[in-house]
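Please read the structure below before turning to the comments.
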Amino acid sequence: VQLQASGGGLVQAGDSLRLSCAASGGTFSNYAMGWFRQAPGKERECVAAISWSGGSKYYADSVKGRFTISRDNAKNTVYLQMNSLKPEDTAVYYCAARTLTIVTTSDEYEYWGQGTLVTVSS
């Protein structure tokens with residue numbers, strides 16, 4: 001499976017962005033999907049994940065109520081709607097795919113996109 005993330009950019013605090021991750025080369029609906037981020041000097045963390053059907057979702061406490069993960073299996077795409085962005089949301093955001101269930105540990109994801117940079121200025 002190949003993953004292509006897009007939608008990052010430079011925004012001001014309080015603004016919104018929507019990240020997209022387009023998948024190809026596999027049966028998208030077979031995969032749980034996750035969005036991870038990595039800020040300079042910090043470990044990669046899972047900010048959101050969604051099951052193959054969209055019926056189960058996970059959010060990190062730091063983004064709960066501000067970020068929304070969704071997927072469109074007909075378009076082979078997963079989204080991350082990010083509202084009320086804060087400077088501490090600045091990071092490279094990655095999408096990832098794995099078979100079976102949602103997990104939050106990066107080591108258990110089999111496929112990764114290339115990352116898209118989100119910069120939030122204060």
Side-chain angles (χ1 to χ4, degrees):
V1 174
Q2 292 79 47
L3 302 174
Q4 180 74 36
S6 62
L10 172 63
V11 297
Q12 293 186 331
D15 285 350
S16 298
L17 275 178
R18 188 176 80 157
L19 305 183
S20 300
C21 175
S24 61
T27 303
F28 183 66
S29 59
N30 286 347
Y31 296 96
M33 301 296 296
W35 282 101
F36 290 75
R37 69 184 181 188
Q38 188 165 22
K42 294 189 176 181
E43 292 187 356
R44 190 171 296 189
E45 63 169 339
C46 181
V47 296
I50 188 168
S51 63
W52 68 271
S53 67
S56 296
K57 299 178 183 180
Y58 162 84
Y59 295 99
D61 287 343
S62 58
V63 307
K64 206 169 288 184
R66 300 188 298 122
F67 290 12
T68 302
I69 190 171
S70 62
R71 66 189 295 159
D72 185 338
N73 286 345
K75 295 183 178 180
N76 293 347
T77 303
V78 62
Y79 304 98
L80 186 68
Q81 178 67 43
M82 306 186 295
N83 298 331
S84 302
L85 282 162
K86 304 176 181 180
E88 50 262 45
D89 295 318
T90 295
V92 177
Y93 284 71
Y94 301 87
C95 58
R98 73 181 303 272
T99 52
L100 301 177
T101 57
I102 291 176
V103 296
T104 60
T105 51
S106 59
D107 289 351
E108 297 194 61
Y109 280 80
E110 302 159 67
Y111 306 100
W112 289 85
Q114 84 289 0
T116 185
L117 177 62
V118 173
T119 304
V120 185
S121 64
S122 57

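All values below were derived from every heavy atom in this structure, side-chain atoms included, with hydrogens, water molecules and symmetry-related copies excluded. Sequential numbering from 1 along the given sequence is applied to the chain's residues. Everything quoted here is computed from the prediction, not taken from an experiment.
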(request) Output yes when a side-chain donor or acceptor of Asn83 lies under 3.5 Å from a complementary backbone atom of Gly14, and no otherwise. (result) no
(request) Could you tell me the separation between the CG atom of Asp15 and the OG atom of Ser84, rounded to the nearest 0.5 Å? (result) 9.5 Å
(request) Establish whether Leu80 and Leu17 are linked, either directly or via other cluster members, by ILVMFWY side-chain heavy-atom contacts under 4.5 Å. (result) yes
(request) Report yes or no: does Thr27 contribute a side-chain atom to a donor-acceptor pair with the main-chain N or O of Ser29 at less than 3.5 Å? (result) no
(message) Are Ile50 and Tyr111 linked, directly or through intermediate hydrophobic residues, by side-chain heavy-atom contacts shorter than 4.5 Å (ILVMFWY only)?
(response) yes
(message) Within this structure, what is the CD-OG1 distance for the pair Glu108 and Thr101, rounded to the nearest 0.5 Å?
(response) 8.0 Å
(request) Side-chain contact test, heavy atoms from C-beta onward, threshold under 4.5 Å: evaluate it for Arg37 versus Glu45 and give yes or no. (result) yes
(message) Does the plane of the ring in Phe67 sit parallel, tilted or perpendicular to the ring in Tyr93? Use 30° and 60° as the thresholds.
(response) tilted
(message) Would you say Asp72 and Thr77 are linked by a side-chain donor-acceptor pair, where the criterion is simply a distance under 3.5 Å?
(response) no
(message) Is it the case that the side chain of Ser51 and the backbone of Ser56 share a donor-acceptor pair, with hydrogens and angles ignored and the cut-off at 3.5 Å?
(response) yes
(request) For ring pair (Phe, Tyr, Trp, His ring centres under 6.0 Å), just list the numbers for Phe36 and Trp112, CA-CA rounded to whole Å, side-chain angles, deciding distance to a tenth of an Å, and then say yes or no. (result) CA-CA 10 Å; Phe36 290 75; Trp112 289 85; 4.9 Å; yes
(request) Please tell me if the side chains of Val103 and Tyr109 come closer than 4.5 Å, counting only heavy atoms from C-beta onward. (result) yes
(message) As an exercise, state the distance from CG of Asp107 to CZ of Arg44, rounded to the nearest 0.5 Å.
(response) 10.0 Å
(request) Without swapping roles, check the side chain of Thr90 against the backbone of Val120 for a donor-acceptor pair under 3.5 Å. (result) yes
(request) Locate the shortest heavy-atom distance separating Gly25 from Gln2; write the atom from each residue and the value. (result) CA-OE1, 3.8 Å
(message) Please check this pair: side chain of Tyr94 against backbone of Gly34, looking for a donor-acceptor N/O pair closer than 3.5 Å.
(response) no
(request) Measure the shortest side-chain to side-chain distance between Phe28 and Val1 over non-hydrogen atoms and say whether it is less than 4.5 angstrom. (result) no
(request) Indicate whether any N or O donor in one side chain lies under 3.5 Å from an N or O acceptor in the other, for Thr99 and Glu110. (result) yes
(message) As a quick check of understanding, evaluate salt bridge (charged side-chain N to carboxylate O under 4.0 Å, His left out) for Lys64 and Asp61, giving each step before the final call.
(response) CA-CA 5 Å; Lys64 206 169 288 184; Asp61 287 343; 3.1 Å; yes
(request) Taking the side chain as every heavy atom from C-beta outward, state whether Leu19 and Trp35 have any pair of such atoms under 4.5 Å apart. (result) yes
(message) Is there a side-chain contact between Met82 and Arg66 in this structure, where contact means two heavy atoms from C-beta onward sitting under 4.5 Å apart?
(response) no
(request) For the residue pair Val92 and Thr116, establish whether any side-chain heavy-atom pair is separated by less than 4.5 Å. (result) no
(message) I need the Arg18 CZ to Thr68 OG1 distance, nearest 0.5 Å.
(response) 11.5 Å
(message) Quick one, Thr119 and Val11 - any side-chain contact, counting heavy atoms below 4.5 Å?
(response) no
(request) Report yes if the side chains of Thr104 and Tyr58 come closer than 4.5 Å at any heavy-atom pair, otherwise no. (result) yes
